[in-house]
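Here is the structure we will look at, set down as structure tokens.
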Amino acid sequence: MSGRYSWLNRMTALGIALTLAVALPQLADAQLAKPRKKSEEAAATQDEGPKPEYSKEFRKIAAKAQGFANDKKWADLLAVLPELEALPNPTRDEKKAIATWRLQATQGSGDQEGFAAAIEVFLKEGYTEPGQTGAMHRQLAAHYSAKQDREKTLYHFRQFVDATPDVEADEFETLGRLYLQANNYADAALFLGKAIDLSAGRKETPKEMWYQLRDRCYIEQKDDAGRLANLEALVGYYPNKEYYSRIVAIYQNQSKDDRIVMLNAYRMAVSDPLGGLATVGGYLNYVDTALVAGSPGEAARALERGMKEGIVPSAGTNQATLQEAKAAVAQDRRSLPAESAAAAKNAKGELDVKVGLGFYSTGDYEQAAATTRRGIGKGGVARIDDANLLLGASLVELGRRDEARAAFEAARAAAPAGSHMARIAGLWLVRLMRAEPAPAGG
């Protein structure tokens with residue numbers, strides 16, 4: 001539990017240590033001196049702007065108060081303030097001076113309750129100078145955090161963020177966590193997103209936890225669209241089988257298990273050395289999809305990876321399916337050369353793309369790329385987005401990243417904007433931005 005709230009403890013420590021003394025206005029000796037002659041006051045006003053309004057009675061006591069403040073005699077300063085407050089018809093400047101001394105005295109004496117109350121008055125009455133408001137709200141957020149008053153902590157930290165022009169990403173995170181703690185998932189996702197955007201805009205890697213927390217927010221809101229975009233961004237920075245599995249599951253649900261979409265989604269996840277799938281069901285669904293699509297080699301590779309990672313049981317029907325898939329691959333290797341020759345003579349490219357899938361299945365990525373590219377060049381391909389994704393995947397296996405990038409960009413352009421095929425192309429493009437050793441072809 002201590003780890004869970006460490007972020008809040010850091011915020012509290014930071015707030016308690018915050019010193020406002022430098023920012024607090026102090027009464028200058030000249031302001032407490034006896035009233036000037038009218039001619040002197042007029043000249044000073046013209047040169048320096050309006051002067052604070054203090055009565056003679058106030059100045060008399062205030063000189064003593066200022067002396068206590070200068071000497072840091074906080075108890076004496078607090079003791080004299082009621083005399084000032086008892087004076088009739090105080091001006092706004094006099095009220096502000098009293099509030100300022102109370103801030104200084106309570107802070108200097110370590111009276112946290114009194115200091116917080118003094119800040120509340122200062123903020124309520126609008127006494128703050130430019131740049132003070134955010135710092136004071138943060139101080140109050142830290143105070144109420146230490147008292148475990150979540151509602152006031154959230155209120156004041158939000159005011160701090162709103163009043164601060166140069167908020168840091170960790171501060172957006174803190175506000176997002178406070179909203180999450182309050183079960184306000186929409187605002188939690190909003191400010192966690194601001195932390196991510198600020199960090200990414202600075203060419204920094206956003207924290208993985210920010211995406212994870214935002215994922216929880218979208219789950220609570222039942223916002224699949226927001227969740228999917230968040231997971232896709234997350235897997236770009238932190239690829240792993242768990243995040244890929246969540247993305248694939250959403251694709252499957254949204255596309256109603258569209259076979260073309262799902263073959264490409266599974267291929268994208270499992271071909272990533274840092275990716276894969278987290279469940280046996282995910283791998284077996286890939287196997288079924290690949291076999292139906294006529295790509296037994298993909299089914300075999302999926303089973304082998306799942307078994308190697310200890311996710312897919314290696315005995316029983318899974319082993320039988322693996323052997324059947326390997327036998328189908330061996331048969332395809334014998335028949336593909338003739339099928340490729342026949343496809344080359346066809347005026348339309350659809351047959352070339354189907355043969356290209358066969359070569360990809362057998363692991364002959366050079367022929368897969370050449371045959372698929374030939375089909376795309378001819379035209380007459382039913383799903384040009386699918387064909388370009390196949391071409392790109394083949395080129396990735398060959399380590400030809402620039403060509404692969406062009407293919408994925410073509411796939412994204414051919415697919416409807418925002419479609420699953422366009423999103424899959426985008427994930428491939430993000431993967432290509434990583435410094436990843438080129439896999440061996442063949």
Legend entry - Check: Ala142 main-chain N/O paired with Ser145 side-chain donor or acceptor under 3.5 Å: no
Legend entry - Basic-acidic side-chain contact under 4.0 Å: Glu173, Arg214: no
Legend entry - From CA spacing to verdict: salt bridge (Lys or Arg N to Asp or Glu O under 4.0 Å), Arg305, Glu309: CA-CA 6 Å; Arg305 179 168 185 174; Glu309 293 175 348; 2.8 Å; yes
Legend entry - Thr106 to Ser109 - nearest heavy-atom pair and separation: O-OG, 3.3 Å
Legend entry - Donor-acceptor contact below 3.5 Å, side chain Thr372 vs main chain Leu391: no
Inset, instruction - Carefully, step by step, assess Asn285 and Asp288 under the rule side chain to side chain donor-acceptor pair (under 3.5 Å). - result: CA-CA 5 Å; Asn285 284 340; Asp288 178 65; over 6 Å; no
Inset, instruction - Establish, from distance only, whether the side-chain atoms of Arg267 and Thr289 form a donor-acceptor pair under 3.5 Å. - result: no
Inset, instruction - Using the side chain to side chain donor-acceptor pair (under 3.5 Å) rule, take Glu208 and Tyr243 through it: C-alpha gap first, then chi angles, then the decisive distance, then the call. - result: CA-CA 11 Å; Glu208 184 175 8; Tyr243 300 147; 2.5 Å; yes
Legend entry - Side-chain H-bond candidate by donor/acceptor type, Asn240 with Tyr238, under 3.5 Å: no
Legend entry - Distance, nearest 0.5 Å, that separates CG of Leu192 from CD1 of Ile196: 6.5 Å
Legend entry - Pairwise side-chain contact, Glu366 with Arg400, heavy-atom cut-off 4.5 Å (strictly under): yes
Legend entry - Residue from His137, Arg138, Gln139 passing side chain to side chain donor-acceptor pair (under 3.5 Å) with His156: His137
Legend entry - Selection residues 250-280 - residue pairs positive for ring-ring contact (aromatic ring centres under 6.0 Å, His included), sequence neighbours left out: Tyr251-His420, Tyr266-Tyr286
Inset, instruction - Give the intermediate values and the outcome of salt bridge (Lys or Arg N to Asp or Glu O under 4.0 Å) for residues Lys64 and Asp76. - result: CA-CA 10 Å; Lys64 183 167 52 174; Asp76 291 334; over 6 Å; no
Legend entry - salt_bridge(Lys147, Asp149) N-O dist < 4.0 Å: no
Inset, instruction - Indicate yes or no: does Asp386 engage Arg259 in a salt bridge with an N to O separation below 4.0 Å. - result: no
Inset, instruction - Might you point out which heavy atoms bring Val80 and Ala65 nearest each other, and give the distance in Å? - result: CG1-CB, 3.7 Å
Legend entry - Any donor-acceptor pair under 3.5 Å from Arg59 side chain to Tyr54 backbone: yes
Legend entry - More than 12 heavy atoms of other groups within 6.0 Å of Gln148 CD: no
Legend entry - Over all atoms of both residues, closest heavy-atom pair of Asn388 and Ala407: CB-O, 3.4 Å
Inset, instruction - Output yes when Asp197 and Arg202 qualify as a salt bridge under the 4.0 Å nitrogen-oxygen rule, no when they do not. - result: no
Inset, instruction - Would you confirm whether Thr128, through its side chain, and Thr133, through its main-chain N or O, come within 3.5 Å as a donor-acceptor pair? - result: no
Inset, instruction - Could you tell me the separation between the CG atom of Leu231 and the CD atom of Glu242, rounded to the nearest 0.5 Å? - result: 9.5 Å
Legend entry - Polar side chain donor-acceptor pair, Tyr283 to Glu304, under 3.5 angstrom: no
Legend entry - Gly226 backbone acceptor or donor facing Asn230 side chain under 3.5 Å: no
Inset, instruction - Let me see the working for Ile260 and Met421 under side-chain contact (heavy atoms from CB on, under 4.5 Å), right down to the final yes or no. - result: CA-CA 9 Å; Ile260 294 177; Met421 296 292 275; 3.7 Å; yes
Inset, instruction - Could you name each residue pair satisfying ring-ring contact (aromatic ring centres under 6.0 Å, His included) that touches residues 61-86, not counting sequence neighbours? - result: none
Inset, instruction - Taking only Lys NZ, Arg NE, NH1 and NH2, and the carboxylate oxygens of Asp or Glu, determine whether Lys60 and Glu83 approach each other closer than 4.0 Å. - result: no
Legend entry - Identified side-chain contact (heavy atoms from CB on, under 4.5 Å) partner of Ile424 from the options Glu232, Met268, Arg412: Met268
Inset, instruction - Give the C-alpha distance, both sets of side-chain angles, the deciding distance and a yes or no for side chain to side chain donor-acceptor pair (under 3.5 Å) between Arg150 and Tyr144. - result: CA-CA 7 Å; Arg150 294 181 179 181; Tyr144 287 117; over 6 Å; no
Legend entry - Distance, nearest 0.5 Å, that separates OG of Ser55 from CD1 of Ile61: 8.5 Å
Inset, instruction - Could you tell me whether the side chain of Asp272 and the main chain of Leu274 form a donor-acceptor pair under 3.5 Å? - result: yes
Inset, instruction - Compute whether any side-chain donor of one residue and acceptor of the other, for Ser271 and Glu397, lie under 3.5 angstrom apart. - result: no
Inset, instruction - Over all heavy atoms of both residues, which pair between Trp210 and Ser199 is shortest? Give the atoms and the distance, please. - result: CZ3-CB, 3.7 Å
Inset, instruction - Answer yes when Glu125 and Lys96 have at least one side-chain N-carboxylate O distance shorter than 4.0 Å, and no when they do not. - result: no
Legend entry - Min side-chain heavy-atom separation Met209-Leu213 under 4.5 Å: yes
Inset, instruction - Nearest 0.5 Å please: distance from the OG1 atom of Thr321 over to the CG atom of Leu303. - result: 6.5 Å
Legend entry - Phe58 and Trp101 aromatic ring geometry - parallel, tilted or perpendicular at 30°/60° bounds: parallel
Inset, instruction - Examine the side chains of Tyr127 and Arg92 and answer whether a donor and an acceptor come within less than 3.5 Å of each other. - result: no
Inset, instruction - Could you walk me through whether Ser314 and Gln319 pass side chain to side chain donor-acceptor pair (under 3.5 Å), step by step? - result: CA-CA 6 Å; Ser314 58; Gln319 189 60 233; 5.3 Å; no
Inset, instruction - In sequence, state the C-alpha distance, the side-chain angles, and the governing distance for Glu220 and Arg227, and then conclude on salt bridge (Lys or Arg N to Asp or Glu O under 4.0 Å). - result: CA-CA 10 Å; Glu220 295 289 349; Arg227 187 182 184 216; over 6 Å; no
Legend entry - Glu409 and Arg405 ion-paired at < 4.0 Å: no
Inset, instruction - Give the C-alpha distance, both sets of side-chain angles, the deciding distance and a yes or no for side-chain contact (heavy atoms from CB on, under 4.5 Å) between Glu94 and Glu53. - result: CA-CA 7 Å; Glu94 290 169 349; Glu53 295 182 25; over 6 Å; no
Inset, instruction - Determine, step by step, whether Leu140 and Phe157 satisfy the side-chain contact (heavy atoms from CB on, under 4.5 Å) criterion, reporting the C-alpha distance in whole Å, the side-chain angles of both residues, the deciding distance to 0.1 Å, and the verdict. - result: CA-CA 8 Å; Leu140 287 173; Phe157 204 83; over 6 Å; no
Legend entry - Donor-acceptor contact below 3.5 Å, side chain Ser394 vs main chain Leu390: yes
Inset, instruction - Would you check if the side chain of Glu171 reaches a backbone N or O of Glu168 as a donor-acceptor pair within less than 3.5 Å? - result: yes
Legend entry - Residues that Tyr360 engages under ring-ring contact (aromatic ring centres under 6.0 Å, His included), provided they are two or more places apart: Tyr365
Inset, instruction - Begin from the C-alpha positions of Val353 and Leu357 and carry the test side-chain contact (heavy atoms from CB on, under 4.5 Å) through to its verdict. - result: CA-CA 6 Å; Val353 173; Leu357 176 62; 6.0 Å; no
Legend entry - salt bridge (Lys or Arg N to Asp or Glu O under 4.0 Å) evaluation trace for Asp170 with Arg177: CA-CA 10 Å; Asp170 285 346; Arg177 285 177 177 269; over 6 Å; no
